[in-house]
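Shown next, in structure tokens, is the structure this report addresses.
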Amino acid sequence: MSIIDSIQNGVIKGIKSLYGADITADQITMNSTRKEFEGDYTVVAFPFARIAKKKPDQIAEELGAYLVGEVEPIEQYNVIKGFLNLSLSHSFWREFLAGIYQDASYGRQPANGQKVMVEFSSPNTNKPLHLGHIRNILLGWSASRILEAAGYEVVRVQIINDRGIAICKSMLAWQKFGKGATPASAGEKGDHFVGDYYVLFEKKLREEYQGWQQSEEARKLFETKADTGQAEPDFFKAFKNTYFNEYSSLGAEAKQMLLQWEAGDPATKGLWKQMNDWVYQGFDETYKQLGVEFDQLYFESETYLLGKDAVQKGLEKGLFYQKEDGSVWIDLTDANLDQKLVLRSDGTSVYMTQDIGTAQKRYQDFGVDKMVYVVANEQNYHFQALFEILKRLGEPYAHGLYHLSYGMVDLPTGKMKSREGTVVDADDLIAEVVEEARKNTADRDTISGLSEKEQEEVIRQIAIAALKFFIIKVQPQKRMVFDPKESVDLQGQTGPYVQNAYVRVQSVLRKAGDPPLDAAADYQQLEPQEKEMLNMVYAFPALVKLAAEEYDPSGIANFCYDLAKAYHRFYHDLSILNAKTAEAKAFRLQLSQAVAIVLKQGLGLLGIEMPERM
RNA sequence: GGCUCCGUAGCUUAAUUGGAUAGAGCACCUGACUACGGAUCAGGAGGUUGCAGGUUCGAAUCCUGCCGGAGUCACCA
């Protein structure tokens, strides 16, 4: 039983014995004592005023006296304006520390027998990954690590959007203009290579469209179809989609290619497979840089027809209804949602159909209890509807569905727009932070003893830490501003700052050798800096649990920063190896080890590695 | 327009889920050990928590109404 539970039980008993009232644990407001006051935990007495019919100060006083006698580790208390601050005995903290300072898995919960699937990244195959994907990937990866630490078995998946008109555009452009080039011959990463042909297609289409606008046909259309007063450029801007679908020869060719793909034409399929393979090789490099991997990939080309059976069954059960034109719908208005289409009038699937089918397939494949979808908040509505439908279909995992929704990433200059070329490329960004870390490392003489390969690895760890921490420290649902200049910062509230605290510990431990630390048990007078860290270390496992319940890694990031900060201060204020007594030295070495373990665990949950030197 | 999310120092952001004097970082200014690694530490300045009401012993947090921003309301994905 944790000390928090003990105190709560003590309060319940205390209220009963002092005032004869029954209360429950959730009526107790309790938190860590703020730094400026004496104590470890604080119980707020105000809520009991009504029950006890006394002033909060008096209640706090009486309850404090009761708890000191009742709950063993509580040694003393003080009351300030209705707040009861409780101090635990030094021996409690010494024993706690001795128990965990060598436990490298401290903070991890035992397996809970439940399985959760986390879907993240899920890119299209016609373009390289960008900053938006990075936020998605980092959130997905850290959420999965946190769930693991909370005791779940985790299955990491992505669904790859490998079909459709977009990839056909790249294929067509390559076929027409590529002259047989390959990523190898062009000396380019495969995803960038294929993305360039997508851009080329759009460029050629634009040229074609502009030429067409001068034609007789176009002029006539403008005269007959334009709204009165509509300027010519506005008209043609709005007309672009129709042009692509009905007039463009490039558009017709791309659509023809999509039809051939759907018909299973071997040549088209071959080209499609070739180009997608190039893309995957490119993606894999980026994933490797970011240190993420997946247990299972789902390809849309294999799942896009799923879900029709489910719709058919739902129709028979009366969950769905059919309109006269044959389209199938579900009425979600009583769930505060709309009527949603689940099958087109021509019998083909929509996004929703596919997602229903894919969820069912995943359950068949893995038998998971929960599914987490990491997808940007522009799809909030879609997932509400999807989850509601799966619930009504009676899917066994329906209670465990969660949409980990996150806000868009903006630049200091505003939104990222592919048309304006302001999209931040993932690989460029990674290269930039690595370069910055390299420069900073060169200014110091801290790792020159390592081999070149080891140095390179340390530089990469620092760079990736800066990037990841910068993104993960912001709560997911918030839209965030990403300033590339700040993201490469290695000082202040950053990943490298936290790494540095860990590296300091390692440095001290190397100097200390491996002395026996039994003397720590006789260390009497804990300093405030020490108690502050002990409180944090103690709170870590509960924080991991909370992060898992809320699918939110940002709290872990902020915690790691606070703990690192506390350690840096401690390190500055108090001497470890030259401590005045052997007891103090032993205790501080234990404490340093415990802090290092928590920092390594904590950053590990964010997907950030710890260097031993930096 | 309906629904959803967001609004905290110049900028980027916390706040233990309703608790004490709203806490950090960046940028700016001033300092620190011939000592365990200065990617560090200490100090200064910077706030009407978008605005106005309400609930409460207590509100950045909950409720109502405005203001501002974003997203979404497709037989697209």
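This is a predicted model, so every value here is computed, not measured. Letters A, B, ... mirror the listed sequences (proteins, then strands); counts begin at 1.
Taking 90° from 0 as the syn/anti boundary, the base of B:U17 is oriented syn.
Residue A:Y497 and nucleotide B:A39 are not classified as a stacked aromatic pair, given the requirement of ring centres less than 5.5 Å apart at an interplanar angle below 30°.
In this structure, A:I28 places its CD1 atom 19 Å from P of B:U16, rounding to the nearest Å. We find that CZ of A:R479 is positioned 13 Å from P of B:G69, with the value rounded to whole Å.
B:A14 and B:A52 have their P atoms separated by 25 Å, with the value rounded to a whole Å. Atom name C1', nucleotides B:U64 and B:A77: the rounded distance is 38 Å, in whole Å. A gap of 30 Å separates the C1' atoms of B:G47 and B:G71, to the nearest Å. Look at the C1' atom in both B:A20 and B:G58: the space between them is 10 Å, to the nearest Å. Only the C1' atoms considered, B:G25 is 16 Å distant from B:A42, to the nearest whole Å.
Listed pair A:K565 / B:G25 meets the phosphate criterion, a side-chain N or O lying under 4.0 Å from OP1 or OP2. Remark: A:R569 is in phosphate contact with B:A42, judged by side-chain N or O atoms under 4.0 Å from OP1 or OP2. The phosphate of B:A20 (OP1 or OP2) has a side-chain N or O of A:R34 nearer than 4.0 angstrom.
A donor-acceptor contact under 3.5 angstrom links the side chains of A:Y567 and A:S592, judged on distance only. Side chain to side chain, A:D489 and A:T494 fail the donor-acceptor criterion of an N or O pair below 3.5 Å. Side chains of A:E612 and A:Y502: a donor on one and an acceptor on the other come within 3.5 Å. Under 3.5 Å, the side chains of A:Q529 and A:D573 contain a donor-acceptor pair of N or O atoms.
With B:G19, B:A77, B:U16 as the candidates, the nucleotide lying closest to the side chain of A:S32 is B:U16. For A:S345, the side-chain atoms get nearest to B:C75 when compared with the rest of B:G37, B:A20, B:C75. Distance from the side chain of A:R613 is smallest for B:G37 among the nucleotides B:A20, B:A15, B:G37. For A:K478, counting side-chain heavy atoms from C-beta on, the closest listed nucleotide (B:G19, B:A14, B:A20) is B:A14. If you check B:A24, B:A39, B:C75 against the side chain of A:R344, the one that comes closest is B:C75. The side chain of A:I576 lies closest to B:C36 when the candidates are B:C6, B:C36, B:G25. In this structure, of B:A39, B:G71, B:C11, it is B:A39 that holds the atom nearest to the side chain of A:P496. Here the nucleotide nearest the side chain of A:N161, chosen from B:A77, B:G19, B:C26, is B:A77.
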key: Audit row: A:T42, A:N85, side chain to side chain donor-acceptor pair (under 3.5 Å) steps and yes/no   = CA-CA 4 Å; A:T42 296; A:N85 301 318; 2.7 Å; yes
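Relative ring orientation between A:F383 and A:Y373 is described as tilted, the plane-to-plane angle lying within the 30° to 60° band. In this pair, A:Y561 and A:Y497 present their aromatic rings tilted. The plane angle is within the 30 to 60° band.
Helical stems in RNA chain B, defined as runs of 3 or more consecutive Watson-Crick or G-U wobble pairs with donor-acceptor distances under 3.5 Å: B:1-7 with B:67-73, B:10-13 with B:23-26, B:28-32 with B:40-44, B:50-54 with B:62-66.
Along RNA chain B, the nucleotide nearest to A:Y381 and the one nearest to A:Y561 differ in position, and the one closer to the 5' end is contacted by A:Y561. Residue A:Q477 is the one, among A:A437 and A:Q477, whose nearest nucleotide of RNA chain B lies closer to the 5' end (criterion: closest heavy atom).
Other residues, nucleotides and ligands contribute at most 12 non-hydrogen atoms within 6.0 Å of the CZ atom of A:R613.
Within the nucleic acid shown, A:T42 comes within 4.0 Å of at least one base atom, counting heavy atoms only.
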